Amino acid sequence: MYETLEEIEYVVKQCNKCKLCKNRTNTVFGVGNPNAKIMFIGEGPGADEDLQGEPFVGKAGKLMNEAFKGLGIKREEVYIANIVKCRPPNNRNPEKDEAIACMDYLRNQVMLIKPEIIVLLGSVALKNILGEEYGITKSRGKWIIKKDIKYMPTFHPAALLRDESKKIYFWNDLKLVLEELNK
Ligand code: URA
């Protein structure tokens, strides 16, 4: 375990623990407030994120930013990261070995940031963080508390792009997060 986010990022930049390192342009470490109370965890970088080295800067990220704006969440006040830090080819889901190889970095980030709340964006984040037995449709919108961290699973923003009817659930789930934070 490393003592600062900068140290982890330095190591991640040179990481070759899994095959995703072969095709990356940039690693996508995470962005935001190192003392954030809310952390968002997505799946893995897409093409835009791979090019820019920042999570959620493509279409899904723009949609997330719009929701943030509407709800009064400042992107720079929260912390945003992914299950894997390198882009899976053709935006496929990260494979189990890739997620496992990358998990220590994310755990270390969580340990240092110490968020009160972690928003799990979609099924890949949910299953890799809380366990394969969870499903996003059933679990979204409900608090799951483990080791002093409150987890809120919700739909992945890319799912909202495919199915607009999911937007309201995403919005409502983030409202629950803000209510919890302001308690
Ligand atoms: N989708 C994700 O899961 N993460 C990103 O950073 C971008 C798109």
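Whatever order the structure lists them in is the order used to number ligands and atoms, beginning at 1. Just so it is clear, the model here is predicted, and its values are computed rather than measured.
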**Student:** Quick one: does H156 get within less than 4.0 Å of ligand 1, heavy atoms only?
**Tutor:**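 Judged by the 4.0 Å heavy-atom criterion, H156 does count as contacting ligand 1.
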
**Student:** Within a distance under 4.0 Å of any heavy atom of P55, pick out the atoms of ligand 1 and give their elements.
**Tutor:**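 Selected atoms, number and element: 6 (O).
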
**Student:** Heavy-atom contacts with E43 under 4.0 Å: which atoms of ligand 1 show up? List them by number with element.
**Tutor:**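 The atoms of ligand 1 under 4.0 Å from a heavy atom of E43 are 2 (C), 3 (O).
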
**Student:** Is the closest side-chain donor-acceptor distance between N65 and R75 under 3.5 Å?
**Tutor:**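 Side chains of N65 and R75: pair found under 3.5 Å.
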
**Student:** Just to be sure I read this right, does ligand 1 sit under 4.0 Å from the backbone of A60, its side chain, both, or neither, counting only heavy atoms?
**Tutor:**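 Neither; nothing of A60 gets under 4.0 Å from ligand 1.
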
**Student:** Between F155 and Y169, how do the two ring planes meet: parallel, tilted or perpendicular, split at 30° and 60°?
**Tutor:**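 Answer is perpendicular, since the angle exceeds 60°.
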
**Student:** Checking side-chain contact (heavy atoms from CB on, under 4.5 Å) against I100, which of K96, E98, M103 comes through?
**Tutor:**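 Checked K96, E98, M103 against I100; only one passes side-chain contact (heavy atoms from CB on, under 4.5 Å): K96.
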
**Student:** Side-chain heavy atoms nearer than 4.5 Å, only ILVMFWY residues, links allowed to pass through others: does that put M39 and W143 together?
**Tutor:**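 Linked, M39 and W143 end up in one cluster.
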
**Student:** With heavy-atom distances below 4.0 Å as the criterion, list the atoms of ligand 1 near G42.
**Tutor:**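 Counting atoms of ligand 1 from 1, those under 4.0 Å from G42 are 3 (O).
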
**Student:** Which word best sums up how the rings of Y79 and F29 line up, parallel for under 30°, tilted for 30 to 60°, or perpendicular for over 60°?
**Tutor:**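 Rings of Y79 and F29: perpendicular, as their planes differ by over 60°.
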
**Student:** Which of these, F170, F56, F68, sits in a ring-ring contact (aromatic ring centres under 6.0 Å, His included) with F40?
**Tutor:**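 Exactly one option meets the ring-ring contact (aromatic ring centres under 6.0 Å, His included) with F40, and it is F68.
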
**Student:** For atom 2 (C) of ligand 1, what is the nearest protein heavy atom, given as residue, atom name and distance?
**Tutor:**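 The answer is G44 O, 3.1 Å.
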
**Student:** In terms of residue, atom name and distance, what is the protein heavy atom nearest to atom 4 (N) of ligand 1?
**Tutor:**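 For this ligand atom, the closest protein heavy atom is N82 OD1, 2.8 Å.
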
